[in-house]
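Taking it in order: structure first as C-alpha coordinates, then the write-up.
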Amino acid sequence: MLTNRPRGTNDILPGQVEKWQLIEETMRCISAEYNYQEIRTPIFEHTELFIRGVGETTDIVEKEMYTFVDRGERSVTLRPEGTAPVVRSYLENRLNSGPQPVKLYYTGPMFRYDRPQSGRYRQFHQVGVEAFGSHHPALDAEVMSMAMEFYRRIGLVDVELHINSVGCPECRPQLKEKLCEYFRPRESDLCSNCRQRLVKNPLRIIDCKNPGCQEIAKDAPTPLDHLCSDCKEHFDSVCEYLKALGIPFVINPRLVRGLDYYTHTAFEIMAKGLGAQSSVGGGGRYNRLIEECGGPSIPGIGYALGVERIILALEQQGVETAPSPGPDVFVAILTPDLKADAFKILSKLRKKGISSDQDYLGRSLKAQMKYASKINAKYTIIVGNDELEREMVILREMDTGEQSEVPVEDAAAKIKERLASCTD
RNA sequence: GUGGGUGUAGCUCAGAUGGUUAGAGCGCCAGAUUGUGGCUCUGGAGGCCAUGGGUUCGAGUCCCAUCAUCCACCCCA
(Lines give C-alpha, C1' and ligand atoms only; values in the text may rest on other atoms or scores of the structure.)
Protein backbone atom coordinates (compact mmCIF):
# COMPACT_ATOMS: atom_id res chain seq x y z
CA MET A 1 0.00 0.00 0.00
CA LEU A 2 2.70 2.39 1.08
CA THR A 3 4.63 1.87 -2.12
CA ASN A 4 1.68 1.68 -4.51
CA ARG A 5 0.27 4.68 -6.24
CA PRO A 6 -3.50 5.07 -6.08
CA ARG A 7 -5.37 3.28 -8.80
CA GLY A 8 -5.54 5.07 -12.12
CA THR A 9 -2.73 7.50 -11.30
CA ASN A 10 0.72 7.66 -12.82
CA ASP A 11 4.21 8.76 -11.92
CA ILE A 12 5.84 10.69 -14.70
CA LEU A 13 9.51 9.82 -14.48
CA PRO A 14 12.64 11.27 -16.03
CA GLY A 15 12.73 9.94 -19.56
CA GLN A 16 8.97 10.40 -19.90
CA VAL A 17 8.67 13.86 -18.44
CA GLU A 18 10.43 15.38 -21.46
CA LYS A 19 7.36 14.60 -23.52
CA TRP A 20 5.18 16.37 -21.00
CA GLN A 21 7.44 19.38 -21.04
CA LEU A 22 7.32 19.46 -24.81
CA ILE A 23 3.53 19.39 -24.77
CA GLU A 24 3.28 22.14 -22.18
CA GLU A 25 5.85 24.31 -23.96
CA THR A 26 4.05 23.86 -27.25
CA MET A 27 0.77 24.88 -25.63
CA ARG A 28 2.37 27.99 -24.18
CA CYS A 29 3.93 28.86 -27.48
CA ILE A 30 0.81 28.38 -29.61
CA SER A 31 -1.36 30.18 -27.07
CA ALA A 32 0.90 33.20 -27.31
CA GLU A 33 0.60 33.15 -31.09
CA TYR A 34 -3.19 32.91 -30.93
CA ASN A 35 -3.28 35.46 -28.11
CA TYR A 36 -4.65 33.26 -25.35
CA GLN A 37 -3.53 33.93 -21.78
CA GLU A 38 -2.91 31.39 -19.10
CA ILE A 39 -5.34 30.88 -16.25
CA ARG A 40 -4.84 28.62 -13.25
CA THR A 41 -7.86 27.60 -11.26
CA PRO A 42 -8.07 25.39 -8.16
CA ILE A 43 -7.91 21.66 -8.52
CA PHE A 44 -11.14 21.30 -6.55
CA GLU A 45 -14.32 23.30 -6.61
CA HIS A 46 -17.72 23.28 -4.92
CA THR A 47 -19.51 20.16 -6.08
CA GLU A 48 -22.47 22.27 -7.13
CA LEU A 49 -20.43 23.94 -9.86
CA PHE A 50 -19.96 20.70 -11.76
CA ILE A 51 -23.49 19.48 -11.21
CA ARG A 52 -24.83 22.70 -12.68
CA GLY A 53 -22.09 23.24 -15.21
CA VAL A 54 -21.49 19.80 -16.65
CA GLY A 55 -25.09 18.64 -16.30
CA GLU A 56 -26.92 16.40 -13.87
CA THR A 57 -27.62 13.65 -16.37
CA THR A 58 -24.06 13.30 -17.66
CA ASP A 59 -21.98 10.26 -16.83
CA ILE A 60 -19.38 12.53 -15.33
CA VAL A 61 -21.75 13.81 -12.69
CA GLU A 62 -23.72 10.61 -12.23
CA LYS A 63 -20.84 8.26 -11.63
CA GLU A 64 -17.39 9.70 -12.17
CA MET A 65 -16.84 12.53 -9.73
CA TYR A 66 -14.27 12.49 -6.96
CA THR A 67 -16.45 14.14 -4.36
CA PHE A 68 -15.79 14.45 -0.65
CA VAL A 69 -16.90 16.44 2.34
CA ASP A 70 -14.23 18.65 3.89
CA ARG A 71 -13.76 19.46 7.56
CA GLY A 72 -16.14 22.37 7.24
CA GLU A 73 -18.89 20.05 5.97
CA ARG A 74 -18.67 21.48 2.46
CA SER A 75 -19.01 19.13 -0.47
CA VAL A 76 -16.10 19.65 -2.83
CA THR A 77 -15.10 17.83 -5.99
CA LEU A 78 -11.79 17.28 -7.73
CA ARG A 79 -12.33 18.91 -11.10
CA PRO A 80 -13.42 16.39 -13.74
CA GLU A 81 -12.99 18.92 -16.56
CA GLY A 82 -11.68 22.40 -17.10
CA THR A 83 -14.49 24.44 -18.57
CA ALA A 84 -16.77 24.89 -15.57
CA PRO A 85 -13.97 26.13 -13.29
CA VAL A 86 -12.77 28.62 -15.89
CA VAL A 87 -16.33 29.87 -16.35
CA ARG A 88 -16.64 30.24 -12.59
CA SER A 89 -13.40 32.18 -12.42
CA TYR A 90 -14.39 34.38 -15.34
CA LEU A 91 -17.56 35.35 -13.50
CA GLU A 92 -16.10 35.58 -10.01
CA ASN A 93 -13.29 37.84 -11.21
CA ARG A 94 -15.57 39.92 -13.44
CA LEU A 95 -13.53 39.26 -16.52
CA ASN A 96 -16.74 39.95 -18.44
CA SER A 97 -16.40 43.62 -17.61
CA GLY A 98 -13.12 43.93 -19.49
CA PRO A 99 -12.56 43.89 -23.25
CA GLN A 100 -14.17 40.93 -24.99
CA PRO A 101 -13.52 38.29 -26.10
CA VAL A 102 -11.53 36.88 -23.21
CA LYS A 103 -9.28 34.11 -24.44
CA LEU A 104 -7.73 31.78 -21.89
CA TYR A 105 -5.71 28.57 -21.84
CA TYR A 106 -4.86 26.11 -19.11
CA THR A 107 -2.95 22.91 -18.50
CA GLY A 108 -3.31 20.56 -15.60
CA PRO A 109 -4.72 17.44 -14.00
CA MET A 110 -8.38 16.39 -14.10
CA PHE A 111 -10.00 13.61 -12.09
CA ARG A 112 -12.65 11.09 -12.97
CA TYR A 113 -13.54 7.97 -11.04
CA ASP A 114 -13.51 5.55 -13.95
CA ARG A 115 -12.20 2.08 -14.38
CA PRO A 116 -8.69 2.59 -15.80
CA GLN A 117 -7.75 1.20 -19.18
CA SER A 118 -5.49 2.10 -22.06
CA GLY A 119 -5.63 5.87 -22.43
CA ARG A 120 -7.93 6.33 -19.49
CA TYR A 121 -6.85 7.22 -15.99
CA ARG A 122 -8.40 8.57 -12.82
CA GLN A 123 -5.99 11.43 -12.79
CA PHE A 124 -5.36 12.54 -16.33
CA HIS A 125 -4.14 15.77 -17.84
CA GLN A 126 -5.52 18.20 -20.30
CA VAL A 127 -4.38 21.25 -22.12
CA GLY A 128 -7.30 23.41 -23.16
CA VAL A 129 -8.63 26.80 -24.08
CA GLU A 130 -11.81 28.74 -23.43
CA ALA A 131 -12.89 31.88 -25.27
CA PHE A 132 -15.75 33.97 -23.90
CA GLY A 133 -17.84 36.78 -25.26
CA SER A 134 -18.24 36.18 -28.97
CA HIS A 135 -20.79 34.38 -31.13
CA HIS A 136 -18.69 34.77 -34.21
CA PRO A 137 -18.17 31.55 -36.20
CA ALA A 138 -14.62 32.66 -36.93
CA LEU A 139 -13.88 32.02 -33.26
CA ASP A 140 -15.13 28.44 -33.61
CA ALA A 141 -12.78 28.04 -36.54
CA GLU A 142 -9.91 29.65 -34.65
CA VAL A 143 -10.30 27.27 -31.73
CA MET A 144 -10.37 24.23 -33.99
CA SER A 145 -7.47 25.41 -36.09
CA MET A 146 -5.50 26.00 -32.93
CA ALA A 147 -6.11 22.44 -31.76
CA MET A 148 -5.08 21.06 -35.13
CA GLU A 149 -2.00 23.23 -35.22
CA PHE A 150 -1.11 21.87 -31.80
CA TYR A 151 -1.12 18.28 -33.06
CA ARG A 152 0.81 19.24 -36.14
CA ARG A 153 3.51 20.92 -34.14
CA ILE A 154 3.82 18.13 -31.64
CA GLY A 155 4.40 15.78 -34.54
CA LEU A 156 1.16 13.84 -34.37
CA VAL A 157 -0.10 12.78 -37.78
CA ASP A 158 -3.19 10.81 -38.78
CA VAL A 159 -5.61 12.87 -36.74
CA GLU A 160 -9.12 13.54 -37.95
CA LEU A 161 -11.29 16.48 -37.03
CA HIS A 162 -14.96 15.54 -36.73
CA ILE A 163 -17.47 18.35 -36.46
CA ASN A 164 -21.17 18.69 -36.00
CA SER A 165 -23.76 21.13 -34.80
CA VAL A 166 -25.98 20.07 -31.94
CA GLY A 167 -28.35 22.97 -32.32
CA CYS A 168 -29.48 25.58 -29.84
CA PRO A 169 -32.37 26.06 -27.41
CA GLU A 170 -34.41 27.27 -30.42
CA CYS A 171 -34.17 24.14 -32.53
CA ARG A 172 -33.24 21.43 -30.07
CA PRO A 173 -36.72 20.91 -28.57
CA GLN A 174 -38.15 20.17 -32.03
CA LEU A 175 -35.32 17.79 -32.74
CA LYS A 176 -35.86 16.00 -29.47
CA GLU A 177 -39.49 15.61 -30.30
CA LYS A 178 -38.68 14.18 -33.71
CA LEU A 179 -36.22 11.79 -32.15
CA CYS A 180 -38.75 10.61 -29.62
CA GLU A 181 -41.29 10.09 -32.38
CA TYR A 182 -38.75 8.05 -34.29
CA PHE A 183 -37.45 5.93 -31.44
CA ARG A 184 -40.53 5.38 -29.32
CA PRO A 185 -42.06 2.69 -31.56
CA ARG A 186 -38.76 0.78 -31.43
CA GLU A 187 -38.09 1.41 -27.77
CA SER A 188 -38.03 -2.29 -26.90
CA ASP A 189 -35.16 -2.91 -29.35
CA LEU A 190 -32.92 -0.26 -27.81
CA CYS A 191 -30.29 -1.04 -25.19
CA SER A 192 -31.28 -0.34 -21.60
CA ASN A 193 -29.09 2.71 -21.59
CA CYS A 194 -30.83 4.20 -24.60
CA ARG A 195 -34.25 3.46 -23.18
CA GLN A 196 -33.31 5.79 -20.35
CA ARG A 197 -31.88 8.29 -22.79
CA LEU A 198 -35.21 8.40 -24.53
CA VAL A 199 -36.51 10.20 -21.48
CA LYS A 200 -33.43 12.06 -20.33
CA ASN A 201 -31.51 12.96 -23.48
CA PRO A 202 -32.76 11.38 -26.72
CA LEU A 203 -30.01 13.14 -28.67
CA ARG A 204 -27.45 10.75 -27.28
CA ILE A 205 -29.13 7.70 -28.75
CA ILE A 206 -27.84 8.51 -32.22
CA ASP A 207 -24.31 8.45 -30.79
CA CYS A 208 -24.73 5.06 -29.05
CA LYS A 209 -21.99 2.55 -29.86
CA ASN A 210 -24.25 -0.46 -29.38
CA PRO A 211 -24.59 -2.17 -32.80
CA GLY A 212 -28.31 -2.76 -32.29
CA CYS A 213 -28.93 0.86 -31.48
CA GLN A 214 -26.73 1.97 -34.35
CA GLU A 215 -28.82 -0.08 -36.72
CA ILE A 216 -32.01 1.45 -35.41
CA ALA A 217 -30.52 4.94 -35.38
CA LYS A 218 -29.25 4.67 -38.94
CA ASP A 219 -32.21 6.52 -40.36
CA ALA A 220 -33.00 8.63 -37.34
CA PRO A 221 -33.24 12.38 -37.72
CA THR A 222 -29.96 14.16 -36.97
CA PRO A 223 -29.43 17.62 -35.54
CA LEU A 224 -27.97 18.80 -38.82
CA ASP A 225 -31.26 18.19 -40.62
CA HIS A 226 -33.24 20.14 -38.09
CA LEU A 227 -31.15 23.19 -37.35
CA CYS A 228 -32.91 26.50 -37.13
CA SER A 229 -31.81 29.10 -39.63
CA ASP A 230 -29.38 30.77 -37.21
CA CYS A 231 -27.73 27.46 -36.34
CA LYS A 232 -27.55 26.45 -39.96
CA GLU A 233 -25.97 29.73 -40.94
CA HIS A 234 -23.49 29.48 -38.09
CA PHE A 235 -22.51 25.94 -38.95
CA ASP A 236 -22.09 26.67 -42.67
CA SER A 237 -20.01 29.66 -41.82
CA VAL A 238 -17.74 27.64 -39.51
CA CYS A 239 -17.21 25.13 -42.31
CA GLU A 240 -16.38 27.93 -44.73
CA TYR A 241 -13.74 29.35 -42.42
CA LEU A 242 -12.19 25.94 -41.89
CA LYS A 243 -12.00 25.45 -45.64
CA ALA A 244 -10.49 28.90 -46.05
CA LEU A 245 -7.82 27.96 -43.52
CA GLY A 246 -7.16 24.72 -45.34
CA ILE A 247 -8.08 22.56 -42.37
CA PRO A 248 -9.45 19.16 -43.37
CA PHE A 249 -12.50 18.03 -41.44
CA VAL A 250 -15.32 15.55 -41.69
CA ILE A 251 -18.90 16.36 -40.86
CA ASN A 252 -20.22 13.72 -38.53
CA PRO A 253 -23.95 14.25 -38.03
CA ARG A 254 -23.98 11.67 -35.23
CA LEU A 255 -21.39 13.35 -33.11
CA VAL A 256 -23.04 14.20 -29.81
CA ARG A 257 -20.78 14.90 -26.92
CA GLY A 258 -21.35 13.65 -23.42
CA LEU A 259 -21.34 17.02 -21.78
CA ASP A 260 -24.71 18.72 -21.66
CA TYR A 261 -23.52 22.25 -22.11
CA TYR A 262 -22.72 22.20 -25.82
CA THR A 263 -24.72 24.26 -28.29
CA HIS A 264 -24.04 24.81 -31.98
CA THR A 265 -20.57 23.56 -32.78
CA ALA A 266 -19.32 20.27 -31.32
CA PHE A 267 -16.10 18.66 -32.41
CA GLU A 268 -13.83 15.79 -31.58
CA ILE A 269 -10.37 14.84 -32.79
CA MET A 270 -9.54 11.17 -33.31
CA ALA A 271 -6.12 9.61 -33.66
CA LYS A 272 -5.38 6.33 -35.38
CA GLY A 273 -3.82 3.40 -33.58
CA LEU A 274 -5.08 4.25 -30.14
CA GLY A 275 -7.33 1.30 -29.38
CA ALA A 276 -10.69 1.93 -27.83
CA GLN A 277 -10.00 5.41 -26.51
CA SER A 278 -9.21 7.08 -29.79
CA SER A 279 -10.30 10.60 -28.97
CA VAL A 280 -7.31 12.84 -28.36
CA GLY A 281 -9.31 15.99 -27.91
CA GLY A 282 -12.69 17.58 -28.20
CA GLY A 283 -14.69 20.67 -27.56
CA GLY A 284 -17.47 22.87 -28.69
CA ARG A 285 -19.52 25.97 -28.19
CA TYR A 286 -21.46 26.51 -24.99
CA ASN A 287 -23.68 29.55 -25.31
CA ARG A 288 -25.85 28.78 -22.30
CA LEU A 289 -23.28 27.62 -19.78
CA ILE A 290 -22.30 30.98 -18.39
CA GLU A 291 -25.91 31.86 -17.77
CA GLU A 292 -26.46 28.43 -16.28
CA CYS A 293 -23.65 29.17 -13.82
CA GLY A 294 -25.41 32.33 -12.70
CA GLY A 295 -23.79 34.85 -15.02
CA PRO A 296 -25.09 37.05 -17.80
CA SER A 297 -25.91 35.65 -21.22
CA ILE A 298 -22.43 35.35 -22.66
CA PRO A 299 -21.38 32.78 -25.23
CA GLY A 300 -18.27 30.66 -24.99
CA ILE A 301 -16.31 28.05 -26.84
CA GLY A 302 -13.38 25.84 -25.96
CA TYR A 303 -11.56 22.57 -26.30
CA ALA A 304 -9.54 20.19 -24.20
CA LEU A 305 -6.82 17.86 -25.42
CA GLY A 306 -5.77 14.76 -23.48
CA VAL A 307 -2.07 14.75 -22.72
CA GLU A 308 -1.77 11.02 -21.95
CA ARG A 309 -3.55 10.10 -25.14
CA ILE A 310 -1.42 12.41 -27.23
CA ILE A 311 1.68 10.77 -25.77
CA LEU A 312 0.22 7.31 -26.41
CA ALA A 313 -0.53 8.23 -30.00
CA LEU A 314 2.96 9.66 -30.46
CA GLU A 315 4.50 6.47 -29.14
CA GLN A 316 2.20 4.44 -31.33
CA GLN A 317 3.44 6.39 -34.32
CA GLY A 318 7.04 6.01 -33.28
CA VAL A 319 7.66 9.71 -32.78
CA GLU A 320 10.73 10.09 -30.61
CA THR A 321 11.42 13.00 -28.36
CA ALA A 322 14.98 13.86 -27.47
CA PRO A 323 16.01 12.35 -24.16
CA SER A 324 17.31 14.81 -21.62
CA PRO A 325 21.06 15.16 -22.07
CA GLY A 326 23.60 14.41 -19.39
CA PRO A 327 25.64 17.08 -17.67
CA ASP A 328 28.26 19.00 -19.61
CA VAL A 329 30.96 18.16 -17.11
CA PHE A 330 31.74 15.54 -14.50
CA VAL A 331 34.42 16.48 -12.00
CA ALA A 332 36.42 13.43 -10.93
CA ILE A 333 39.10 13.26 -8.28
CA LEU A 334 42.09 11.03 -7.92
CA THR A 335 42.21 10.85 -4.14
CA PRO A 336 39.67 11.73 -1.45
CA ASP A 337 41.77 14.62 -0.08
CA LEU A 338 41.11 16.52 -3.30
CA LYS A 339 37.34 16.60 -2.73
CA ALA A 340 37.21 20.17 -1.42
CA ASP A 341 39.32 21.55 -4.28
CA ALA A 342 37.22 19.65 -6.79
CA PHE A 343 34.04 20.87 -5.18
CA LYS A 344 35.27 24.46 -5.57
CA ILE A 345 35.94 23.87 -9.25
CA LEU A 346 32.51 22.26 -9.66
CA SER A 347 30.84 25.19 -7.96
CA LYS A 348 32.59 27.66 -10.26
CA LEU A 349 31.45 25.75 -13.32
CA ARG A 350 27.87 25.79 -12.12
CA LYS A 351 27.99 29.51 -11.43
CA LYS A 352 29.09 30.00 -15.01
CA GLY A 353 26.00 28.12 -16.18
CA ILE A 354 27.74 24.88 -17.06
CA SER A 355 25.72 21.88 -15.93
CA SER A 356 28.04 19.67 -13.92
CA ASP A 357 28.19 16.98 -11.28
CA GLN A 358 30.57 14.95 -9.15
CA ASP A 359 30.81 11.68 -7.23
CA TYR A 360 28.95 11.27 -3.96
CA LEU A 361 29.73 7.65 -3.21
CA GLY A 362 33.47 7.86 -2.58
CA ARG A 363 34.27 5.92 -5.72
CA SER A 364 37.63 5.16 -7.23
CA LEU A 365 38.74 7.16 -10.24
CA LYS A 366 37.92 4.26 -12.48
CA ALA A 367 34.42 3.98 -11.05
CA GLN A 368 33.98 7.73 -11.35
CA MET A 369 34.88 7.54 -15.02
CA LYS A 370 32.44 4.70 -15.51
CA TYR A 371 29.71 6.68 -13.83
CA ALA A 372 30.51 9.81 -15.83
CA SER A 373 30.16 7.78 -18.96
CA LYS A 374 26.87 6.25 -17.87
CA ILE A 375 25.24 9.56 -17.09
CA ASN A 376 26.38 10.83 -20.48
CA ALA A 377 28.70 13.59 -19.32
CA LYS A 378 30.23 15.40 -22.29
CA TYR A 379 33.48 16.24 -20.53
CA THR A 380 35.26 15.05 -17.45
CA ILE A 381 37.61 17.19 -15.43
CA ILE A 382 40.10 15.04 -13.59
CA VAL A 383 41.63 16.63 -10.54
CA GLY A 384 45.01 15.08 -9.69
CA ASN A 385 47.57 15.92 -7.04
CA ASP A 386 50.47 16.61 -9.38
CA GLU A 387 48.47 18.79 -11.74
CA LEU A 388 46.78 20.72 -8.97
CA GLU A 389 50.15 21.74 -7.56
CA ARG A 390 50.77 23.44 -10.89
CA GLU A 391 47.22 24.88 -10.86
CA MET A 392 46.21 22.55 -13.69
CA VAL A 393 43.46 19.98 -14.26
CA ILE A 394 42.89 17.39 -16.96
CA LEU A 395 40.02 18.05 -19.34
CA ARG A 396 38.81 14.93 -21.12
CA GLU A 397 36.28 14.79 -23.89
CA MET A 398 34.24 11.64 -23.32
CA ASP A 399 33.23 10.87 -26.90
CA THR A 400 36.70 10.96 -28.36
CA GLY A 401 38.79 10.23 -25.30
CA GLU A 402 41.03 13.20 -26.12
CA GLN A 403 42.39 14.96 -23.09
CA SER A 404 44.74 17.76 -22.21
CA GLU A 405 45.89 19.78 -19.24
CA VAL A 406 44.30 23.16 -18.78
CA PRO A 407 44.82 25.79 -16.08
CA VAL A 408 42.15 25.64 -13.36
CA GLU A 409 41.38 29.29 -14.05
CA ASP A 410 40.62 28.69 -17.72
CA ALA A 411 38.64 25.45 -17.38
CA ALA A 412 35.18 27.02 -17.41
CA ALA A 413 35.97 29.30 -20.33
CA LYS A 414 37.53 26.46 -22.33
CA ILE A 415 34.51 24.23 -21.79
CA LYS A 416 32.10 26.99 -22.74
CA GLU A 417 34.07 27.60 -25.89
CA ARG A 418 34.01 23.94 -26.88
CA LEU A 419 30.33 23.48 -26.01
CA ALA A 420 29.44 26.46 -28.16
CA SER A 421 31.41 25.20 -31.12
CA CYS A 422 29.90 21.71 -31.08
CA THR A 423 26.27 22.81 -30.92
CA ASP A 424 26.59 24.74 -34.18
C1' G B 1 -20.52 -0.44 -12.39
C1' U B 2 -19.81 -5.21 -15.82
C1' G B 3 -16.65 -8.91 -18.39
C1' G B 4 -11.85 -11.31 -19.61
C1' G B 5 -6.29 -11.82 -19.11
C1' U B 6 -2.08 -11.37 -15.78
C1' G B 7 0.67 -11.09 -10.84
C1' U B 8 8.19 -15.12 -9.45
C1' A B 9 14.78 -10.13 -8.33
C1' G B 10 14.87 -2.94 -10.15
C1' C B 11 13.34 -4.67 -15.61
C1' U B 12 12.10 -8.88 -19.26
C1' C B 13 10.96 -13.64 -18.27
C1' A B 14 12.28 -19.48 -17.08
C1' G B 15 10.58 -22.58 -13.26
C1' A B 16 6.48 -30.14 -17.59
C1' U B 17 1.96 -33.58 -14.90
C1' G B 18 2.70 -30.39 -6.70
C1' G B 19 8.67 -33.00 -4.09
C1' U B 20 15.23 -30.71 -1.10
C1' U B 21 18.98 -24.67 -0.22
C1' A B 22 13.99 -20.47 -6.41
C1' G B 23 17.02 -19.58 -11.81
C1' A B 24 18.76 -16.74 -16.45
C1' G B 25 19.60 -12.28 -19.25
C1' C B 26 19.76 -7.10 -18.61
C1' G B 27 20.48 -3.37 -14.83
C1' C B 28 22.99 -2.01 -10.05
C1' C B 29 27.69 -2.23 -6.88
C1' A B 30 32.78 -3.89 -6.63
C1' G B 31 37.33 -5.99 -8.68
C1' A B 32 40.81 -7.61 -13.14
C1' U B 33 48.79 -4.90 -9.56
C1' U B 34 51.39 1.84 -11.34
C1' G B 35 46.37 7.88 -11.72
C1' U B 36 41.27 7.25 -16.60
C1' G B 37 34.78 5.34 -18.91
C1' G B 38 32.59 2.63 -23.33
C1' C B 39 34.42 -4.03 -25.05
C1' U B 40 35.54 -8.45 -22.24
C1' C B 41 36.12 -11.45 -17.73
C1' U B 42 35.23 -12.35 -12.32
C1' G B 43 32.62 -11.60 -7.88
C1' G B 44 28.63 -9.42 -4.87
C1' A B 45 24.02 -7.39 -3.27
C1' G B 46 18.93 -8.03 -4.31
C1' G B 47 12.91 -12.52 -3.96
C1' C B 48 7.75 -13.77 2.75
C1' C B 49 7.18 -16.43 -5.60
C1' A B 50 0.98 -9.85 -4.84
C1' U B 51 -1.77 -10.67 0.05
C1' G B 52 -4.90 -13.83 3.19
C1' G B 53 -7.18 -18.40 3.71
C1' G B 54 -7.69 -23.59 2.26
C1' U B 55 -6.49 -28.87 -0.02
C1' U B 56 -2.03 -32.00 0.91
C1' C B 57 2.93 -35.64 4.43
C1' G B 58 4.57 -31.57 1.21
C1' A B 59 2.25 -25.60 -2.69
C1' G B 60 5.86 -20.72 -6.74
C1' U B 61 2.87 -24.84 -8.93
C1' C B 62 -4.03 -26.95 -7.21
C1' C B 63 -8.78 -24.35 -5.05
C1' C B 64 -11.22 -19.83 -2.89
C1' A B 65 -11.16 -14.75 -1.55
C1' U B 66 -8.93 -9.96 -1.56
C1' C B 67 -5.84 -6.42 -3.81
C1' A B 68 -3.15 -4.59 -7.86
C1' U B 69 -2.35 -4.33 -13.03
C1' C B 70 -3.63 -4.82 -18.28
C1' C B 71 -7.50 -5.04 -22.02
C1' A B 72 -12.56 -4.44 -23.38
C1' C B 73 -17.84 -2.60 -22.39
C1' C B 74 -20.16 2.06 -20.68
C1' C B 75 -18.34 6.96 -21.30
C1' C B 76 -14.73 10.28 -22.37
C1' A B 77 -9.51 13.07 -22.70
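Per chain, numbering begins at 1; letters A, B, ... match sequence-line order. Small disclaimer: the values here were computed from a predicted structure and weren't measured.
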Nearest-nucleotide check on RNA chain B, A:E397 vs A:Y113; residue mapping nearer the 5' end is A:Y113
Using Watson-Crick geometry (N1-N3 plus N6-O4 or O6-N4) or G-U wobble (N1-O2, O6-N3), each under 3.5 Å, B:A30 is paired with B:U42
Out of A:K378, A:K374, A:R350, which one pairs with A:D357 under the salt bridge (Lys or Arg N to Asp or Glu O under 4.0 Å) rule?
A:R350
Between A:F68 and A:F44, how do the two ring planes meet: parallel, tilted or perpendicular, split at 30° and 60°?
tilted
When all nucleic acid strands are considered with a 4.0 Å heavy-atom cut-off, which category describes A:G401: base, sugar-phosphate, or nothing?
base
If I pick the C1' atom on B:G7 and the same atom on B:C49, what distance separates them, to the nearest angstrom?
10 Å
Test the A:K176-A:F183 pair against the cation-pi criterion, namely NZ or CZ under 6.0 angstrom from the six-membered ring centroid and within 45° of the ring axis.
no
P-based separation of B:G31 from B:G35 [nearest Å]
13 Å
A:I394 side-chain proximity, nearest of B:G35, B:G31, B:G37:
B:G35
Between B:U8 and B:A59 - C1' atom distance, rounded Å
14 Å
Can you tell me the pairing partner of B:U61 across any strand shown, Watson-Crick or G-U wobble, with both distances under 3.5 angstrom?
none
Watson-Crick or G-U wobble partner of B:U55, both distances under 3.5 Å
none
Which part of the nucleic acid, if any, lies within contact of A:D386, taking any heavy atom under 4.0 Å across all strands shown: a base, the sugar-phosphate backbone alone, or nothing?
base
When rounded to whole Å, the CG to P distance for the pair A:N4 and B:G7 reads 17 Å
Which part of the nucleic acid, if any, lies within reach of A:Q403 when heavy atoms closer than 4.0 Å are counted: base, sugar-phosphate only, or nothing?
base
Check this one for me: any side-chain N or O of A:K370 less than 4.0 Å away from OP1 or OP2 of B:A30?
no
Nucleotide paired to B:C73 in any strand shown, Watson-Crick or G-U, under 3.5 Å
B:G1
Partner of B:C48 under the Watson-Crick or G-U wobble criteria, both distances under 3.5 Å, comes out as none
When rounded to whole Å, the CG to C1' distance for the pair A:L365 and B:G31 reads 15 Å
Taking the side chain of A:R120 as heavy atoms from C-beta outward, which of B:C74, B:U69, B:G31 is closest to it?
B:C74
Just checking A:Y121: base, sugar-phosphate only, or nothing, at a heavy-atom cut-off of under 4.0 Å?
base
Quick check on RNA chain B: between A:A304 and A:D399, whose nearest nucleotide comes earlier from the 5' end?
A:D399
Rounding to the closest angstrom, what is the interatomic distance between B:G52 and B:A9 at atom P?
16 Å
Using atom C1' in both nucleotides, what's the gap between B:A68 and B:A30 to the nearest angstrom?
36 Å
Which part of the nucleic acid, if any, lies within reach of A:Q123 when heavy atoms closer than 4.0 Å are counted: base, sugar-phosphate only, or nothing?
nothing
Using a heavy-atom cut-off of 4.0 Å across all strands, would you classify A:I60 as base, sugar-phosphate, or nothing?
nothing
P atom, B:U17 versus B:U61: distance in rounded Å?
11 Å
Give a yes-or-no answer on whether the side chains of A:Q123 and A:Y66 include a donor-acceptor pair shorter than 3.5 Å.
no
Does A:Q277 reach a base, just sugar-phosphate, or nothing at all? Heavy atoms under 4.0 Å.
base
Integer-rounded Å distance: B:C74 C1' and A:L190 CG:
16 Å
P spacing across the pair B:U20 / B:C39, given as an integer number of angstrom
38 Å
Taking the same atom, C1', in B:G27 and in B:A45, what whole-Å distance lies between them?
13 Å
Whole-Å distance separating the CZ atom of A:R112 from the P atom of B:G1
18 Å
Nucleotide B:G38, atom P - distance to CE of A:M398 in whole Å:
9 Å
A:Y286/A:Y261 aromatic ring centres below 6.0 Å:
yes
With under 30° as parallel and over 60° as perpendicular, where do the rings of A:Y371 and A:F330 fit, or are they tilted in between?
perpendicular
Separation of B:U69 atom P from A:N10 atom CG, nearest Å, is 9 Å
Is A:D207 salt-bridged to A:R254, cutoff N-O under 4.0 Å?
no
Could you tell me how far apart A:D114 (CG) and B:C73 (P) are, to the nearest whole angstrom?
12 Å
Using Watson-Crick or G-U wobble geometry with both distances below 3.5 Å, tell me the partner of B:G7, or none.
B:C67
At under 4.0 Å, does any side-chain N or O of A:Q117 touch on OP1 or OP2 of B:C71?
no
Under-3.5 Å donor-acceptor pair between A:E64 side chain and B:G1 base:
no
Can you check whether A:R115 has a side-chain N or O nearer than 4.0 Å to OP1 or OP2 of B:C74?
no
Nearest whole angstrom, please: distance from the P of B:A32 to the CE of A:M369.
16 Å
Sugar-phosphate, base or nothing in reach of A:N376, heavy atoms under 4.0 Å:
nothing
Touch check for A:R122, heavy atoms < 4.0 angstrom, all strands: base, sugar-phosphate only, or nothing?
nothing
Could you check whether A:E181 pairs with A:K178 (Lys NZ or Arg NE/NH1/NH2 to Asp/Glu carboxylate O, under 4.0 Å)?
no
Under 4.0 Å from OP1 or OP2 of B:G37: is there any side-chain N or O of A:K366 that close?
yes
For the side chain of A:K374, starting at C-beta, report the closest nucleotide among B:C74, B:A72, B:C28.
B:C28
Against the side chain of A:R363, the closest entry in B:C74, B:C29, B:C70 is B:C29
Could you tell me whether A:R152 and A:E149 make a salt bridge, using a distance below 4.0 angstrom between a side-chain N and a carboxylate O?
yes
